[in-house]
Amino acid sequence: MSEFVRYQSAVPNRNGRYPGVFALANGLRHIGLLTADDSAWHQEANRVATAAYVDPMAVDPDCYDQKRNPGARAWFSVDAVDLLVMVTAYLRLLDRYDVPWVQLTTRSPGRIVYRDAVQIVAVPHSYRDDWPFPTIDAGPSRMTGA
């Protein structure tokens, strides 16, 4: 079974979503918070990433569609070493600007709607549809004998 890693905002945005590492870095640049040197680095890093890796939306324009795939988010394969090394530089950029982020790892990211050699896009599990345990009857407790 494959393992996946995701780097995302530690807090939700105004829409209640947790943007990923690239969206966070792009946001810093878009609103003009990056220094000239960081902006130049970011532009070049994005150019290199675009040349090296497939944009899932170029293959499946609906992979992030909120009606078809609510909450879909990208995850990296833990085996994608070159990609993860590249991501580390983006994380250092976020750290320099005090953007809080977290790392998530899982073998079960949800319903996969896109996959290539280094990444997936998955719709997260939902409680009602994906809860792996049987519903527990509210009857007498086996632990207390009540």
Discussion item. Restricting to non-hydrogen atoms, name the atom on Lys67 and the atom on Asp65 that form the minimum distance, rounded to 0.1 Å.
Written reply: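 Closest approach of Lys67 to Asp65, heavy atoms only: N-OD1, 3.0 Å.
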
Between [X] and [Y], is there shared hydrophobic-cluster membership here, with clusters defined by ILVMFWY side-chain heavy atoms closer than 4.5 Å?
{"X": "Tyr7", "Y": "Phe4", "answer": "no"}
{"X": "Leu83", "Y": "Val78", "answer": "yes"}
{"X": "Leu104", "Y": "Ile120", "answer": "yes"}
{"X": "Val5", "Y": "Met86", "answer": "yes"}
{"X": "Tyr53", "Y": "Val87", "answer": "yes"}

Please report, to 0.1 Å, the donor-acceptor pairs under 3.5 Å made by any side chain of residues 70-77, with sequence neighbours excluded.
residue	atom	partner	partner atom	Å
Arg73	NE	Gly71	O	3.1
Arg73	NH2	Gly71	O	3.4
Ser77	OG	Asp79	N	3.2

Fill in: salt bridge (Lys or Arg N to Asp or Glu O under 4.0 Å) partners of residues 2-16, not counting sequence neighbours, each pair once
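Counting only pairs at least two positions apart or across chains, no salt bridge (Lys or Arg N to Asp or Glu O under 4.0 Å) contact touches residues 2-16.
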
Item to complete: Not counting sequence neighbours, list each pair that qualifies as a salt bridge (Lys or Arg N to Asp or Glu O under 4.0 Å) and has a residue in residues 53-63.
Response: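 Found Asp62-Arg68.
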
Worksheet item: How far does OG1 of Thr106 sit from NE2 of His125, to the nearest 0.5 angstrom?
Response: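 Between atom OG1 of Thr106 and atom NE2 of His125 there are 6.5 Å.
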
Discussion item. Rounded at 0.5 Å granularity, tell me how far CG in Leu94 sits from OG in Ser9.
Written reply: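 Going from CG on Leu94 over to OG on Ser9, the span is 9.0 Å.
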
For residues 21-35, please give each side-chain donor-acceptor pair under 3.5 Å, one per line with the distance, not counting sequence neighbours.
residue	atom	partner	partner atom	Å
Asn26	OD1	His42	NE2	2.9
Asn26	OD1	Asn46	ND2	3.0
Asn26	ND2	Phe22	O	3.3
Arg29	NE	Ser39	OG	3.2
Arg29	NH2	Gln43	OE1	3.2
Thr35	OG1	Asp38	N	3.1

Worksheet item: Which hydrophobic side chains are connected to Met57, either touching it within the sub-4.5 Å cutoff or through other members that do?
Response: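 Result for Met57 is Val54, Val59, Tyr64, Val113, Tyr114, Val121, Val123.
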
Item to complete: With sequence neighbours left out, write down each residue that passes side chain to side chain donor-acceptor pair (under 3.5 Å) with Arg47, or none if nothing qualifies.
Response: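 Partners of Arg47 under the side chain to side chain donor-acceptor pair (under 3.5 Å) test: Glu44.
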
Worksheet item: Using the benzene-type ring in the case of Trp, are the ring centres of Trp101 and Tyr18 under 6.0 Å apart?
Response: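 No, the ring of Trp101 stays outside the 6.0 Å limit from the ring of Tyr18, centre to centre.
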
